[in-house]
Amino acid sequence: MISITGQWRGHYVYGPEYGEKWLGSKVAFELSLTDIGDNNFQGTCLDIDSPISLNNPAVIKGFTEEDFISFTKEYNQFFTINGDNQVVPRSQLKKPDLSYYGHYDPVSETYSGDWELIGREHAHPDGDYLEIATGTWEMKKVHAIFI
């Protein structure tokens with residue numbers, strides 16, 4: 001199995017909950033990860049040109065087990081998209097729970113899978129509900145090239 005420690009590049013794709021404007025849009029990201037023992041890792045992630053994260057680094061915490069990977073991604077603040085499809089920082093709101101999970105493919109040397117964002121809870125007469133958004137992702141380790 002490949003070591004998780006190192007630099008990774010990849011992308012995530014917005015799912016249907018983001019509306020027609022964002023659906024299927026890819027956002028590139030770069031991760032710097034470190035194995036901290038017992039199959040756990042931590043690190044940072046920077047989304048490249050993301051309309052949602054506005055290039056704020058996120059904290060990564062996760063684990064691997066054989067070919068399975070699971071990690072959380074925590075941004076500095078919460079963002080929403082308003083009715084005009086504009087990104088609005090919402091620092092007064094609780095940060096969402098953002099989870100990634102997937103599997104390693106040794107042929108393509110990539111991890112890929114799905115992500116899920118659990119956002120704000122809303123009170124409703126018929127029962128409370130959560131905002132949930134989904135998508136897919138993929139990442140590959142960056143190997144150093146020596147000249």
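Using a 30° and 60° split on the angle between ring planes, F71 and Y100 fall in the parallel class, below 30°.
Nearest heavy-atom pair, D35 versus T5, reported as atom, atom and distance to 0.1 Å: N-OG1, 2.8 Å. Scanning both residues, T134 and P16, for their nearest heavy atoms gives OG1-CD, 4.2 Å. Here the shortest heavy-atom pairing between E109 and Y104 reads CA-OH, 3.4 Å. The two residues Y111 and D67 have their closest heavy-atom pair at CE2-O, 3.9 Å. Taking each heavy atom of W8 and K140 in turn, the nearest pair found is CE3-C, 3.2 Å. In plain terms, the two heavy atoms of A58 and K73 that are nearest each other are CB-CG, 3.7 Å.
Atom CD of residue E65 and atom CG of residue N39 lie 7.0 Å apart, to the nearest 0.5 angstrom. Atom OG1 of T64 and atom CG of D38 lie 10.5 Å apart (nearest 0.5 Å). Taking CD1 of I69 as the start and OH of Y101 as the end, the distance is 13.5 Å to the nearest 0.5 Å. Separation of atoms NZ (K141) and OG1 (T110) is listed at 14.0 Å; rounding is to 0.5 Å. One finds the OH atom of Y75 at 6.0 Å from the SG atom of C45 (value rounded to the nearest 0.5 Å).
Using a 4.5 Å cut-off between side-chain heavy atoms of Ile, Leu, Val, Met, Phe, Trp and Tyr, with links allowed through other members, L33 and I2 fall into the same hydrophobic cluster. No chain of hydrophobic side-chain contacts below 4.5 Å, direct or via other Ile, Leu, Val, Met, Phe, Trp or Tyr residues, connects L23 to Y14.
The backbone N or O of E30 sits nowhere less than 3.5 Å from a side-chain atom of Q7 that would complete a donor-acceptor pair. No donor-acceptor pair under 3.5 Å is formed between the side chain of W137 and the backbone N or O of H11. At distances below 3.5 Å, at least one donor-acceptor pair connects side-chain atoms of W115 with backbone N or O atoms of V13.
Contact of the E138 side chain with the T136 side chain is not registered, since no non-hydrogen atoms from C-beta on lie closer than 4.5 Å. Side-chain atoms of E116 and I118, non-hydrogen and from C-beta on, do get closer than 4.5 Å to each other.
Of the residues listed (T44, L46, I60), the one engaging L31 in a side-chain contact (heavy atoms from CB on, under 4.5 Å) is I60, and it is the only one.
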